[in-house]
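Presented below is the structure to which this report refers.
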Amino acid sequence: MQVPTMLEIKNLHVSVGERKILNGLSLTVKAGEVAAIMGPNGTGKSTLAYVIAGREGYEVEGEVLLDGENIFELDPNERAAKGLFLAFQYPVEIPGVATMTFLKAALNAQRSARGEAELQTPDFMKRVKEAANKLGVTQDMLRRPLNSGFSGGEKKRMEILQMALLGPRFAILDETDSGLDIDALRVVSDGVNALRSSERGFLVITHYQRLLDYIKPDTVHVMAQGRIMKTGGPELALELERHGYKEYIGEAA
Amino acid sequence: MEARAAADLALELSFKAMKEKGAPALRESAWQAFLRKGLPNKRVESWHYTDLRGALRSIAPLAEASQPAPSLKRNGEALRLVILDGAFRADMSDVAAAPGEVAIQSLRDALAEGDAEVMKALAPQGAATEDSVVALNAALMQDGVVIRIRAGAHVERSLQIETLTSGATAQSVFTRSLVLVGEGASACIEENYRALAPSGAQENSVLILSVGASAKVEHIVHVEPQSDDGVRVTSLLTKLQERASLDSLCMIEGGGLLRRQIFAELAGEYARVGFDGASLLRGKSHADTTLVIDHAAPNGKSREKFRTILDGESMGVFQGKVIVRPGAQKTDGGMQSKALLLSDGASMNNKPELEIFADDVVCGHGATCGRLDADQIFYLEARGLPRHEAEALLLEGFASEALDAISDDAMRDRLAERVRVWLAEREARR
């Protein structure tokens, strides 16, 4: 049986003003696949994540299909309701907005956009509690305003908690390993691995091979100069760890 | 010039009428103090952003107490004290329900009685003596409520002073209330300002709050929306003795011209104050919060946290001055004012000031003014919230930061609900 394609990026060009960031990037991720994108700093990895999620401020050409549907016509919240999730490299602090209030608003906004009934409070609380326990998210963190005063590790755990609650079809993890110590890395990776399923795809963006020891990718893509330079299996990540990105950066020079 | 003369004449007529109503010496000296400066215009530094003289070109006649008592909805469980159209209304108030350690009388009765402690406390003091509007209030005070809380008393129920106007036509209202909190006592004082009819009232109200040594007071003010031609100045004059503590919070819903001024003197060592405020402004609202915190003794602590949301063509003003007197060592002061502008036509003036005459103090201030944060909006959108919901959540969060200090959940919820209503109205107008 053929595995369906979940995310398909076709010849994506992105620029901000005069500056070209993505330069004809194409990539396909199948259902159940964990695809890793590795690349040097400043090569447009985070831009790729933002553009897929629908952030404003970019001039964009090309197509991004989620389950065969072009999502470029959709607002970010509509993309989220279709099952797209972005775990931010730098989760935003929102003082004044209680974490629980935010979680409930996000969950119910997505449910109502899909025509599903809103979750009642007891059911919602139960789900949060379960997910929080698994990720070592304390009650104290849940009581605080969203991400306010959280350490880097706490913010990343909160991202994965949100992912677990929202149960996306396709998740993009943007440098989720940055700012994590080994213990936190393990907790976060376990959280991601628990969500792996044949019904869900992942795009894991990282600078270091380290994360891929914990979240084992099916495919590895080397990104440099705004496009995918090479595609392979997990062995490609190890090769990069040994030789660095020189050969891919040098190509343009 | 002619309009100005007409206003001065009208005020003089009001003074002549009120001079006969008790406390002639206090009124006369206050009137003289007022005459030296007159109604403030923009040339008066502390009134630079609010032209009160311009707004009061035409002075409305003094309010007259009349009418049978209108029926009022209750706000929570507080013990209610009603001042309607410039007159204390015993018939609408819960005076009889007050606990034994709380003595309540109308200002009118207190002036007739002339108790020395009350008369002394009613006179302007500290930095407020410089303000001609506070002086005018003392000269023209019509009525108010005088509350004395016995030393050591722990008053369970909040005491709510409701200042209401009901007239169908514009009227001037001058109320002056006094709360004396005895040593070691604790209480919650609420103030609620509301117009029962959209009449363009001109209101000048003063609350004098004297907090005895080691006493603890929570003070919550809610200024409900007023009509576009309304003019309101509310002044809080407070003085804290040693180890006294005051948490004062004000929520302002705009309309017309509004100025809230706070004059706080930390007279005793280890006194602490917290002033917070949330203002929601739209249309052509003009709302000015001006405060002077005077650290006169060592080891005092003051915190101010103000949040203003401005829409339409509204204008906000925040002026905060923290004074640290010579010898007021180890003062710890922190002031913060943040404003969010939702429209191109709205504007905000932030003016924090520190005057420090002691060398061992920690004082800081911060003032920001800007738009909703694009990163925050995108974050919420990426989690599935439509843009307008994302904005509403951020605005609610922004305003509620100033409400966090309220200890009573029901009261905080009540004010938070007002924020939600305001935001829903904004959404409905779009």
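All heavy atoms count here, side chains included; hydrogens, waters and symmetry mates do not. Bear in mind the structure is a predicted one, so any value in this text is a computation, not a measurement.
For B:Gln226, the side-chain hydrogen bond (donor to acceptor under 3.5 Å, both in side chains) partners two or more places apart in sequence, or in a different chain, are B:Arg232. With sequence neighbours left out, the ring-ring contact (aromatic ring centres under 6.0 Å, His included) criterion links B:Phe275 to no other residue. Every residue two or more places apart in sequence or in another chain that forms a side-chain hydrogen bond (donor to acceptor under 3.5 Å, both in side chains) with B:Glu425 is listed here: B:Arg282.
Interface remark: A:Leu107 contributes no atoms to any contact with chain B (heavy atom separation under 4.5 Å). Looking at A:Ile94, the atoms closer than 4.5 Å to chain B (heavy atoms on both sides) sit in the backbone and in the side chain alike. Heavy atoms closer than 4.5 Å to chain B are found in both the backbone and the side chain of A:Pro91. Neither the backbone nor the side chain of A:Ala113 comes within contact range of chain B, judged by heavy atoms closer than 4.5 Å.
Here the closest non-hydrogen pair linking A:Pro76 and B:Ala382 is CB-N, 4.3 Å.
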Distance-only donor-acceptor pairs under 3.5 Å across chain B and chain A:
residue	atom	partner	partner atom	Å
B:Asp375	OD1	A:Arg55	NH2	2.3
B:Gln376	NE2	A:Glu93	O	3.0
B:Tyr379	OH	A:Glu159	OE2	2.3
B:Tyr379	OH	A:Gln162	NE2	3.1
B:Glu381	O	A:Asn77	N	3.4
B:Arg383	O	A:Gln110	NE2	3.0
B:Arg383	NE	A:Gln162	OE1	2.4
B:Arg383	NH1	A:Leu86	O	2.9
B:Arg383	NH2	A:Leu86	O	2.9
B:Arg383	NH2	A:Glu159	OE1	2.7
B:Ser400	OG	A:Gly96	O	3.3

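Among the candidates A:Ala81, A:Pro168, A:Pro95, A:Pro145, the residue making the largest number of heavy-atom pairs closer than 4.5 Å to chain B is A:Pro95.
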Residue pair A:Val97, B:Leu380: steps toward the side-chain contact (heavy atoms from CB on, under 4.5 Å) verdict:
CA-CA 11 Å; A:Val97 175; B:Leu380 296 177; 5.8 Å; no

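Within a 6.0 Å radius of NZ in B:Lys330, other residues, nucleotides and ligands contribute 12 heavy atoms or fewer.
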